[in-house]
Amino acid sequence: MRLDKFIVACGVASRKEAAQAVRRKAVTVNGVLARSADMHIDENSDKITYCGEELEYVKYVWVMMNKPQGVISATEDARGQKTVIDLLPERLQKMGLFPCGRLDGDTTGLMLITNEGELAHRLLSPKRHVDKIYRFTSARRITEAEIALAENGLTLGDGYECLPAHIEADAEGCGGLITLREGKYHQIKRMFGAMDNRITALMRVKFAEIELDTALEPGEWRFLTDVELECLRKH
Ligand code: URA
């Protein structure tokens, strides 16, 4: 791997900054000053320091965030709205992370963020039907007949036939948990719209086997544990 690419992958600098650091003699490879930014190193065995700090190479990063309201699930926004990536420390922002799937701006809760494109792609593939669970609040009570309708696959206003969705209503009926096996645009809001109801709050609490860590306040994040990652990889 090229030295500058390695430094970028470690999240400490851009490629340009890495090249500048090499010129400033601020990078060593196995204790010797790096010759050039494009020299090749072995990311598994060579010891690289950047400005005195030994770098640890981590190829893939998986983060879970409790997405707050008003933050968008994208890497950047043309209108300058804050994104989930903006809430991460600079070091992670430099690693080319992206959200694994989308949540609406006003939806809160579990957002997975990674740089492992292939696995993210697999988990999001419409063919895989990965379960996603949301806690919802609706404008009016949801009836047993509507729950049965959703279980059988609702038809949306535009004619799209949803896959069966499981709803567990709270005792009061104006909220509960809904499990989707797909992820169409505004899907839950449109499903409730098709039942002449309206979603007033939506929070994702589970994606595949990964549950939102209740210790995370809105906007907070943590790395996935090895066990969580293994569950995702096995999925
Ligand atoms: N369904 C919605 O309507 N919105 C979301 O953010 C996720 C699922």
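Order of appearance sets the numbers: ligands from 1, and atoms from 1 within every ligand. Along the sequence shown, residues carry numbers from 1. All values derive from a computational prediction rather than experimental measurement.
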Problem - Residue portion contacting ligand 1 (non-hydrogen atoms closer than 4.0 Å) for Ile188 - result: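 Both parts.
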
Problem - Distance (rounded to the nearest 0.5 Å) between Met1 CE and Asn44 CG - result: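 These two atoms lie 9.5 Å from each other.
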
Handout entry: Interatomic distance, Ile199 atom CD1 to Met191 atom CE [nearest 0.5 angstrom]
Key =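 Answer for the CD1-CE pair, Ile199 versus Met191, is 9.0 Å.
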
Consider every N or O of [X] and every N or O of ligand 1, then say whether any pair is closer than 3.5 Å.
{"X": "Leu180", "value": "no"}
{"X": "Arg190", "value": "no"}
{"X": "Lys189", "value": "yes"}

Exercise for the section: Decide whether Gln187 and Tyr134 meet the rule of one side-chain donor and one side-chain acceptor closer than 3.5 Å. Expected result: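 Gln187 vs Tyr134: no donor-acceptor pair found between side chains.
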
State plainly whether the residues [X] and [Y] are in salt-bridge range, i.e. N to O under 4.0 Å.
{"X": "Arg128", "Y": "Glu182", "answer": "no"}
{"X": "Asp158", "Y": "Arg190", "answer": "yes"}
{"X": "Lys206", "Y": "Asp131", "answer": "no"}

Handout entry: Residue and atom name of the nearest protein heavy atom (relative to atom 4 (N) of ligand 1), distance in Å to one decimal
Key =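 The closest one turns out to be Asp104 OD2, 2.7 Å.
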
Practice task
For Tyr134 and ligand 1, answer yes if some heavy atom of the residue is under 4.0 Å from a ligand atom, otherwise no.
Solution key: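 It does, in that a heavy atom of Tyr134 comes within the 4.0 Å cut-off of ligand 1.
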
Practice task
Enumerate the atoms of ligand 1 whose separation from the nearest heavy atom of Thr107 is less than 4.0 angstrom.
Solution key: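 Answer, ordered by atom number: 4 (N), 5 (C), 6 (O).
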
